[in-house]
Amino acid sequence: MSATTARPPRSSTCSSRPASAWAFTVDCRPLAIPAFRRMWAASVICAVGGSFSVVAVPTQLFTVTGSSAAVGAAAGVSFAAMVAAAVWSGALADRMDRRTMLLAAHLGLALTYAALWLQAVLGSRSVPVLLVAVALQGLTYGTVLTTTGATVPRLVPARLLPAANSLSSLVRYGGSVLGPMLAGVLVPVVGLGTLYLLDAVALLAVVWAVAMLPPLPPLPPLPPLPPPTTGTGTGTGTGTGTGTGTEESAVGTEGGGRGTSAARRTLAGFRYLAADRLLVAVLAVDLAAMIFGMPSALFPELARHVFGGTAGGGTQTGLLYAAYPAGVFAAGLLSGTFTRARRHGALVAVAAVAWGITVVLVGLAPELWIALAALMLGGAVNFVLSTFRTTIVQAHTGDAVRGRVQGALTVVLVGGPQIANVLHGSAGAALQDVTGPLHDAASALSGPRIVICAGGLLTVVTVTAIAWAIPDLRRYIAPAPAPTLTRAPAPAPVLGPVAGPASPVVPADRVSPASASRARAGRG
């Protein structure tokens with residue numbers, strides 16, 4: 001049997017159809033790739049042991065100042081630093097070795113936590129020192145997020161990107177729940193300083209995993225392809241992440257030269273992003289879902305005025321905040337049910353609409369358990385949305401601009417919830433003055449209910465309008481793995497390991513121009 005028709009052993013590939021009921025649980029196929037497996041295992045350690053500062057920093061600020069305004073100021077400083085880091089590091093990731101950037105960012109984050117530990121041990125009560133540390137934390141963490149997103153497609157074949165992203169999201173959301181809970185238990189036992197030290201130590205596992213990666217310099221450009229006749233991102237075969245000369249030439253003349261400033265390279269990357277209708281649609285859908293449909297700022301008011309919670313918190317408030325990540329985590333445990341799907345664009349749109357519907361159900365829920373069930377369902381569909389949103393951005397974008405596009409995605413991910421908190425909080429406060437006297441008579445008219453329902457409806461309407469106006473999104477289908485590709489992968493020091501020793505996988509960034517052309521025409 002020829003090399004082009006031989007079937008790889010089961011250990012190196014997965015069937016397009018699940019072989020058993022276990023295939024519907026966590027899709028672990030990317031863990032067969034050593035480099036990704038090491039990074040993922042290290043992220044498991046860091047997700048819990050490296051997230052204690054989420055509780056420690058606000059706690060120390062409030063202890064020192066006695067004011068929640070200082071906590072809010074720190075959140076604003078961190079947000080601004082992360083946005084700046086995402087834009088800057090995205091441009092840098094397209095020009096230098098991404099392993100080097102990841103090493104520098106993780107080491108910088110570990111040193112920041114070590115500095116926080118030192119100031120806590122010395123008994124410092126300086127707010128400016130804490131705010132500087134928070135800014136450094138935002139800069140390094142924003143760089144980590146952006147560079148990691150641009151690195152994963154170099155380690156994992158395109159067909160496994162949904163599974164790889166779902167595994168990463170599972171760890172991230174699981175850590176965001178377990179880490180703060182464990183930190184809250186440890187604070188009175190070991191003190192804030194020890195939490196900072198544990199964060200720094202946990203990051204050493206990630207530093208080791210990154211150091212074990214092969215070098216990941218920018219890929220050499222391939223010959224440019226003729227542009228698709230239906231426009232950028234249309235049809236059913238785009239999104240292979242080929243890194244062809246089309247993307248490289250789009251930014252190379254303005255933002256790719258070595259003598260070009262980082263600012264011009266960044267602007268060129270944003271121009272490339274704005275010109276791609278599929279990427280614009282994906283980011284617009286994600287923004288609509290987060291800004292209109294993320295009512296977490298209203299949970300305390302909803303818990304108190306609608307579900308009978310106590311002022312300032314209580315069980316109802318805690319349950320409302322915990323239900324969403326619980327749904328996300330549950331969906332991650334069943335990722336095998338959807339990671340093999342190929343209609344990524346339609347799944348993004350449908351998941352966003354479903355999220356809007358669940359938000360409306362939360363606003364209308366007459367009982368707390370109904371609201372919790374709706375939030376858990378919303379978390380599950382949002383997991384699907386985030387998995388395929390990230391996959392489309394990674395696979396559809398060429399390596400020459402992947403860092404900058406990933407930087408834009410990081411800005412959306414960081415900024416969306418912040419804007420949602422401001423929008424929902426302001427709207428809820430405005431309606432509170434109008435509907436406050438009606439709480440006892442008709443809780444269905446309460447301010448938080450109206451704002452939450454309106455946000456859910458706006459999500460449904462906006463996402464539907466985007467999917468109708470930009471058909472590239474709903475038509476996008478990830479190309480099936482091409483069995484006729486026989487060209488060996490590039491040397492490991494450049495691209496890193498790929499799955500399957502018996503049947504080498506051609507990395508998506510190195511597909512030949514002819515194969516990419518067939519994929520664009522829907523024949524790949």
Side-chain angles (χ1 to χ4, degrees), residues 30-43 46 85-86 88-111 140 142-158 160-161 164-165 168 203-222 241-245 247-248 251-252 255-260 262 265 269 394-395 397-407 410 487-501 504-512:
L31 298 182
I33 303 171
F36 181 82
R37 181 172 63 249
R38 285 191 294 267
M39 287 191 64
W40 186 83
S43 72
C46 194
W88 170 79
S89 62
L92 201 58
D94 291 335
R95 303 305 305 160
M96 65 177 294
D97 190 296
R98 290 171 187 167
R99 183 185 69 166
T100 302
M101 287 191 61
L102 283 175
L103 273 174
H106 281 105
L107 284 172
L109 191 56
L111 289 174
T140 51
T143 303
V144 166
L145 285 179
T146 300
T147 311
T148 300
T151 299
V152 170
R154 296 280 294 273
L155 305 176
V156 178
L160 295 183
L161 280 177
N165 289 319
S168 299
L203 275 166
L204 295 180
V206 185
V207 170
W208 168 82
V210 173
M212 295 293 290
L213 292 177
L216 296 167
L219 293 176
L222 291 175
T242 56
T244 62
E247 290 88 351
E248 311 210 9
V251 297
R258 293 188 180 275
T260 308
R265 290 198 301 270
Q394 290 175 336
T397 307
D399 191 74
V401 291
R402 188 172 282 144
R404 281 165 283 184
V405 173
Q406 190 67 35
T410 302
R487 194 170 74 177
V494 175
L495 295 176
V498 294
V505 178
V506 178
D509 288 312
R510 308 307 296 151
V511 177
S512 66

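Predicted, not measured: the structure shown is a model, and the values here were computed from it.
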Residue pair [X] / [Y]: nearest heavy atoms and the distance that separates them:
X    : Y    : result
A150 : G403 : CB-CA, 4.0 Å
A395 : L161 : CB-CD1, 3.9 Å
R37  : L31  : NH1-O, 2.6 Å
P30  : A164 : CG-N, 3.4 Å
V144 : L102 : O-CD2, 4.2 Å
D94  : A400 : CG-O, 3.2 Å

**OP:** Go through the steps for L213 and L155 under the test side chain to side chain contact (heavy atoms under 4.5 Å, CB included), then give the verdict.
**Re:** CA-CA 9 Å; L213 292 177; L155 305 176; 4.0 Å; yes

Pairwise distance [atom1]([X]) to [atom2]([Y]) - rounded to 0.5 angstrom:
X    : Y    : atom1 : atom2 : answer
L109 : T143 : CG    : OG1   : 9.5 Å
R95  : R404 : CZ    : CZ    : 7.5 Å
S168 : F36  : OG    : CZ    : 4.0 Å
T397 : Q406 : OG1   : CD    : 8.5 Å

Original post:
Can you check side chain to side chain contact (heavy atoms under 4.5 Å, CB included) on V152 and T148, steps first, answer last?
Top reply: CA-CA 6 Å; V152 170; T148 300; 4.3 Å; yes

Subject >> Between T410 and T146: side-chain donor-acceptor atoms closer than 3.5 Å >> reply: yes

Original post:
Is the side chain of Q394 donor-acceptor paired with the backbone N or O of G149 at a distance under 3.5 Å, no angle test?
Top reply: yes

Original post:
Between the main-chain N or O of P217 and the side-chain N or O of R154, is there a donor-acceptor pair closer than 3.5 Å?
Top reply: yes

Original post:
If we only count heavy atoms from C-beta on, is the D399 to R98 side-chain gap below 4.5 Å?
Top reply: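 In short, these two side chains touch, coming nearer than 4.5 Å.
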
